[in-house]
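Reading through the structure tokens given below for one structure.
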Amino acid sequence: MPVPPSGEQHVIRSGEHRAVVTEVAAALREYTVDRRDVVEPFGVEAMADGAHGSTLVPWPNRLADGRYTWDGEEHQLPLSEPKSSTAIHGLLRWRPFRAAERTPQRVVMRTTLFPQTGYPFHLDLEVEYALDGAGLTVTTTATNSGTSALPFGAGAHPYLSPGAGHIDACMVQLDAALRIDTDERQLPRATVPVAGTEYDLRAPLRIGSLRVDHAFTELARDAEGRAWTRLTGPDGATAELWVDEGYPYVELFTGDTLPPGRRRTGLGVEPMTCPPNGLGSGLDVLRLEPGASVRLQWGARLA
């Protein structure tokens, strides 16, 4: 067959667990347990719409007008979402990664982001996908291989699967105390408590007609420092996604702005190291000095 739009496909397996990682954006195209989708897949013949499964580096979410200031110097990035005059989801969504290491249970995808207009920094990136009986673990390691400090943010864009059907009949839970309210451009305008609102997901809530495209923070964490999002489908299975302490934000997206055939067929659950417009505001943007690295983890499983 012709080369797929998402490039080479890397299949990993462990028992009943199976995942497919793509060359383009080191995206998670599929993850199933005993043939039940944990994340909503996209077809091998398709481009990844809605940043489906993609690696979001060196910033997640939107950057207002594509502009930010770093160490006193202003930078202008291309507006990858022209309708809102924003730069969205980083610079690697359509870039190839190479499989640097392979075993039946894991694949390590690597790429280099070379200096360019708007982001004149040198960044090496590694994304490892590993399966075992406990589920999928995704480890992202970023290293500043240049000669000056760089701003860094990271995210990922999987969609948890409801099983057959849509998310409306599902229960969702994310124990987060705060939500980032946004304007018509999906840019932050206030951080507000979820208590007493329709966005209070600290206990399981039936999604129904709820529309969400917001980042949540002040996440409750377990003894291992993990914060969990859970989507329970009508079949009783629960797709779960966890983030480590390197991700203080999780964006939930019910997919209402996607093409008709994709609307509300999965729940976008996006680990993020910084909030929307993070590069612009500087909030929680990581500073990587030359030679420094940062390591982040998230994962998924079927319960």
Side-chain angles (χ1 to χ4, degrees), residues 6-7 21-29 47-70 75-98 109-129 138-146 149-159 185-188 213 215 243 246-251 253 268-288 293-296 298:
S6 55
V21 178
T22 70
E23 175 185 6
V24 175
L28 180 62
R29 192 174 67 78
M47 291 173 58
D49 62 339
H52 207 143
S54 298
T55 301
L56 313 179
V57 167
W59 75 90
N61 215 286
R62 291 168 175 84
L63 171 61
D65 303 312
R67 290 197 298 266
Y68 67 99
T69 299
W70 181 250
H75 299 279
Q76 177 67 61
L77 288 152
L79 300 181
S80 48
E81 191 175 62
K83 66 180 182 180
S84 62
S85 188
T86 61
I88 187 169
H89 290 332
L91 298 170
L92 296 177
R93 285 177 63 188
W94 310 110
R95 299 287 187 92
F97 285 65
R98 67 188 185 281
M109 307 296 291
R110 290 181 185 153
T111 196
T112 296
L113 187 57
F114 289 97
Q116 59 191 273
T117 300
Y119 195 78
F121 309 104
H122 200 145
L123 182 71
D124 289 331
L125 192 72
E126 176 180 291
V127 185
E128 178 193 63
Y129 291 87
V138 184
T139 304
T140 300
T141 305
T143 301
N144 182 349
S145 50
L150 62 81
F152 178 77
H157 210 304
Y159 291 77
R185 298 167 66 197
Q186 292 299 110
L187 296 169
D213 192 0
V243 298
Y247 293 106
Y249 302 89
V250 171
E251 176 102 2
F253 175 46
V269 182
E270 307 165 39
M272 303 194 309
T273 62
C274 58
N277 200 37
L279 280 188
S281 68
L283 183 60
D284 288 328
V285 171
L286 300 176
R287 182 183 184 90
L288 290 186
S293 296
V294 63
R295 181 177 180 270
L296 310 157
W298 64 272

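Two residues are said to be in side-chain contact when any heavy atoms from C-beta on lie closer than 4.5 Å; Glu270 and Tyr247 fail this criterion. You'll find the side chain of Glu23 stays beyond 4.5 Å of the side chain of Phe97, heavy atoms only. Put simply, the side chain of Pro271 reaches to within 4.5 Å of the side chain of Pro158, judged on heavy atoms.
Evaluation of the salt bridge (Lys or Arg N to Asp or Glu O under 4.0 Å) test over residues 49-65, restricted to residues two or more places apart or in two chains, returns Asp49-Arg262, Arg62-Glu81, Asp65-Arg67, Asp65-Arg185.
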- Stepwise side chain to side chain contact (heavy atoms under 4.5 Å, CB included) check, Leu113 with Leu92: CA-CA 8 Å; Leu113 187 57; Leu92 296 177; 4.0 Å; yes

- Item | ring pair (Phe, Tyr, Trp, His ring centres under 6.0 Å) assessment of Tyr159 paired with His52 | CA-CA 7 Å; Tyr159 291 77; His52 207 143; 4.8 Å; yes

- Message: Evaluate Thr112 against Leu125 for side chain to side chain contact (heavy atoms under 4.5 Å, CB included), listing each step before the verdict.
- Response: CA-CA 6 Å; Thr112 296; Leu125 192 72; over 6 Å; no

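Qualifying side chain to side chain contact (heavy atoms under 4.5 Å, CB included) partners for Leu286, counting only residues two or more places apart in sequence or in other chains: Phe152, Val294. With sequence neighbours excluded, the residues satisfying side-chain hydrogen bond (donor to acceptor under 3.5 Å, both in side chains) with Tyr249 are Asp284. Checked against side chain to side chain contact (heavy atoms under 4.5 Å, CB included), Thr139 has the following partners two or more places apart in sequence or in another chain: Glu128, Thr137, Thr141, Arg295, Gln297. Remark: Ser293 pairs with Thr143 by the side-chain hydrogen bond (donor to acceptor under 3.5 Å, both in side chains) rule, at least two apart or across chains. Shown here are the ring-ring contact (aromatic ring centres under 6.0 Å, His included) partners of His89, two or more places apart in sequence or in another chain: His157.
Between Ala51 and Arg93, the closest heavy-atom pair is N-NH2, 3.5 Å. Scanning both residues, Ala48 and Trp94, for their nearest heavy atoms gives O-CH2, 3.6 Å.
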